[in-house]
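The figures that follow rest on heavy atoms only: side chains count, while hydrogens, waters and symmetry mates do not. This chain uses plain numbering: 1 for the first residue, then up along the sequence.
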Amino acid sequence: MSLHGTDPATVFLSIRARTAGQVTPAMIEESIYDRRELVRMLAMRRTVWLVPTESVPVVQASTTNRVARDQRAVLLKHLRELGGIADPEPFLADVEKSVLAILAERQAPMAASELSKAEPRLKTTLQMAEGKSYQTTANITSRVLLVLAAEGHLVRGRPIGTWLSQQYRWSRTEDWLPGVDLHGAAEREAKAELARQWLRAFAPAPLTDLKWWTAWTTTQVKQALADISAIEIDIDGATGVVLPDDIEETPDPGSWIALLPALDPTTMGWADRSWFLGPHAKSLFDTNGNAGPTIWLDGRVIGGWAQRKDGEVVTRLLEDVGSEAKARVEAEGQRLTIWLADTRVIPRFRTPLERDLSS
C-alpha cells in the first residue's frame, strides 16, 4: 500500500500501526534511504506519496505523468506572466539541463539550497498576487525540482535533519534507483494495475471513491475497472465494485484497536467516510478534508489523539465504547508515547480535537 507522504510523520506512524513486530524510526529510515524499498513521489491528486519501489513505474504512468504535464504548463505560464521571461520554454529547459548536470557531476544528493547556489537561475523570482494585500515573491527552485521529479528525473532522498523534516536532498533517479525504469509501464495497463491495488485495499467501494482517490476522469475509471473485470455489487442500496476474486465475505479478524496518524491512508482512502466516521468529522478533519490523528475500534473511528508538549500521547473517545475498550485505547496511547520517545509530532494540517488535546 502507498502511504501519504505530505506530512513526514504520517509515513513512520502509519508503518508502525501496521507492523506486528517492534519497528523503530531508524529501521524505517533504513528501508527508505538505505535499502530504498520505498520512494517519495508526487502522484494521486498531486499529493506526495511513499510508494513501494516495484510500484513506481505503475504510479508514474497512471497518475504522475499527468501531474508532470500540468505542473510544467503552470510553471511556464508563471515564468512568462509573473517572472517576465518572454520565452520561458528554452529558459526552463536549459535550467533543468544544468541542474541534472550538476547532480551528475557531484554524484551525491544535494539540498535545494545547494542546487540554487550552484545554478543561480533557480533563484529567478515570481511576483505572486501583485498588487494584493497578500502579495509575495517566491523563487522557482522548489517548482523546478518538483517538475523534474514528477517527470521522473529526480528523487527525494534523505531529509535534512530528523525524520520529521520536510526539506529533502535530491538525487538523479538513475543514481538513487539504478535499474528501475520509471517509464517502463504503459498508461492503460498502469491504470488497470493501480485500480486493482486500490480495490484490493479499499473495496467494496463506489466508483466515485476510486475517481476521487486517483483524480482520473469517469471514463478512465470505467476503462480501468473494465480492464480488470471488476464486479458491481450492492452496498446498502448503492452500487460498489470489487475484484472478481474478492466477492466472499471477509473473515472476522477479531477485535482491534489502532491509533492512526493524520492523513493515514485508511482514513483518507475513501471520498465518502460517513460509514466509518459517523458524526465525528468536524472534530477529526480540517475544513479542507484533511484527517487528523484518529482512534479506531473494529473498523470504525471512535475518537482522536494528540501529543502534548511533554511528549505524552493523550486520547479522547467521542462515544461510549465500554470500559474494556477504553482501557485498551489508553494502553495503546502509552505504548505510542514510549515509541515516540523524545520526538514531538505536530500534524501539518491541524484539526479541532488535536489542537484541543495538545494544548
Side-chain angles (χ1 to χ4, degrees), residues 5-12 25-26 28-43 46-51 53 56 60 64 67-68 71-72 74-76 78-79 82-85 88-128 136-180 182-183 343 346 348:
T6 304
D7 189 334
T10 300
V11 169
F12 289 78
I28 297 171
E29 286 186 297
E30 182 181 353
S31 175
I32 300 171
Y33 307 121
D34 297 329
R35 298 196 301 274
R36 299 174 186 178
E37 298 166 330
L38 300 164
V39 181
R40 277 189 177 85
M41 60 189 301
L42 208 63
R46 200 170 60 84
T47 297
V48 177
W49 294 80
L50 198 71
V51 176
T53 301
V56 166
Q60 182 72 37
T64 306
V67 172
Q71 292 304 301
R72 174 172 290 278
V74 171
L75 178 55
L76 288 170
H78 285 175
L79 284 170
L82 308 178
I85 298 176
E89 292 194 29
F91 168 82
L92 180 57
D94 198 54
V95 172
E96 292 172 325
K97 181 179 178 180
S98 174
V99 168
L100 294 173
I102 291 167
L103 285 166
E105 181 180 0
R106 179 71 65 91
Q107 283 293 300
M110 296 178 67
S113 58
E114 296 175 299
L115 286 166
S116 62
K117 183 176 181 180
E119 172 44 87
R121 288 177 295 178
L122 285 174
K123 297 179 181 179
T124 299
T125 58
L126 304 177
Q127 300 297 323
M128 312 296 290
T136 59
T137 300
N139 66 44
I140 64 172
T141 303
S142 62
R143 297 181 63 178
V144 171
L145 298 178
L146 181 150
V147 169
L148 283 170
E151 291 179 344
H153 301 298
L154 295 182
V155 174
R156 297 165 180 80
R158 190 181 295 274
I160 301 168
T162 72
W163 53 272
L164 297 178
S165 173
Q166 298 182 49
Q167 297 184 35
Y168 300 101
R169 296 178 177 89
W170 297 84
S171 295
R172 295 190 310 162
T173 302
E174 57 261 48
D175 297 330
W176 191 260
L177 299 174
V180 175
L182 260 71
H183 300 287
T343 301
I346 302 175
R348 181 172 178 181

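Between A43 and W49, the shortest heavy-atom distance links the atoms CB-CD1, 3.6 Å. Taking each heavy atom of M41 and R156 in turn, the nearest pair found is CA-NH1, 4.0 Å. Shown here for W176 and S171, the closest heavy-atom pair between the two residues is CE3-OG, 3.7 Å. Taking every heavy atom of both residues into account, G152 and H183 meet most closely at CA-NE2, 4.4 Å. When all heavy atoms of E114 and P109 are compared, the closest pair comes out as OE1-O, 4.4 Å.
Judged by distance alone, the side chain of T141 and the main-chain N or O of S116 form no donor-acceptor pair under 3.5 Å. Without hydrogens or angle criteria, S165 side chain to G161 main chain gives no donor-acceptor distance under 3.5 Å. When atom types are taken as modelled, the side chain of T64 and the backbone of A150 share no donor-acceptor pair closer than 3.5 angstrom. For the pair D7 (side chain) and R348 (backbone), a donor-acceptor distance under 3.5 Å is present. Formation of a donor-acceptor pair under 3.5 Å by the R169 side chain with backbone atoms of P159 is found in this model. In this structure, R143 contributes its side chain and I140 its backbone to no donor-acceptor pair below 3.5 Å.
Of the candidates T47, V147, V48, V48 is the only one forming a side-chain contact (heavy atoms from CB on, under 4.5 Å) with L42.
The shortest side-chain heavy-atom distance between E29 and I32 does not fall under the 4.5 Å cut-off. Put simply, the side chain of T136 does not reach to within 4.5 Å of the side chain of L126, judged on heavy atoms. Side-chain contact between D175 and L103 is absent, with no heavy-atom pair separated by less than 4.5 Å. No side-chain heavy atom of L154 sits less than 4.5 Å from a side-chain heavy atom of L146. Side-chain contact between Q71 and L75 is absent, with no heavy-atom pair separated by less than 4.5 Å. Looking at heavy atoms from C-beta onward, P8 lies in side-chain contact with Y168 at the 4.5 angstrom threshold. L79 is not listed as a side-chain neighbour of E89, based on a closest heavy-atom distance of 4.5 Å or more. Counting heavy atoms from C-beta outward, R40 and V155 have side chains that stay 4.5 Å or more apart.
Summarising the geometry, atom CD belonging to E30 is positioned 12.0 Å from atom CZ belonging to R36; distances are rounded to the nearest 0.5 Å. Taking OH from Y33 and CD1 from I28, the interatomic distance works out to 10.5 Å, rounded to the nearest 0.5 Å. Separating the CD1 atom in I85 from the NE2 atom in H78 is a distance of 13.0 Å, to the nearest 0.5 Å.
Ring geometry for F12 against W163 counts as tilted: the plane angle lies between 30° and 60°, on a 0 to 90° scale.
Remark: R106 CZ is loosely packed, at most 12 non-hydrogen atoms of other residues, nucleotides or ligands lying under 6.0 Å away. Annotation: R121, atom CZ; neighbour count of heavy atoms from other residues, nucleotides and ligands within 6.0 Å is above 12. Atom CD of Q107 has more than 12 neighbouring heavy atoms from other residues, nucleotides or ligands inside a 6.0 Å radius.
With salt bridges taken as basic N to acidic carboxylate O contacts below 4.0 Å, one links R72 and E96. The pair R158-D34 meets the salt-bridge criterion, with a side-chain N (NZ, NE, NH1 or NH2) lying under 4.0 Å from an Asp/Glu carboxylate O.
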*Candidate pair Q127 and T137, rule side chain to side chain donor-acceptor pair (under 3.5 Å), full reasoning*: CA-CA 5 Å; Q127 300 297 323; T137 300; 3.0 Å; yes
*asked:* For V11 and L38: C-alpha separation, side-chain torsions, deciding distance, then whether side-chain contact (heavy atoms from CB on, under 4.5 Å) applies.
replied: CA-CA 10 Å; V11 169; L38 300 164; 5.7 Å; no
*Please walk me through it: do H153 and R172 pass side-chain contact (heavy atoms from CB on, under 4.5 Å)?*
CA-CA 6 Å; H153 301 298; R172 295 190 310 162; over 6 Å; no
*Under the side-chain contact (heavy atoms from CB on, under 4.5 Å) rule, what do V95 and L122 come out as? Steps first, then yes or no, please.*
CA-CA 7 Å; V95 172; L122 285 174; 3.8 Å; yes
_Apply side-chain contact (heavy atoms from CB on, under 4.5 Å) to residues T124 and F91 and explain how you reach the verdict._
CA-CA 11 Å; T124 299; F91 168 82; 3.5 Å; yes
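T53 and E37 are not linked by any side-chain donor-acceptor pair at a separation below 3.5 angstrom, with hydrogens and angles left out of the test.
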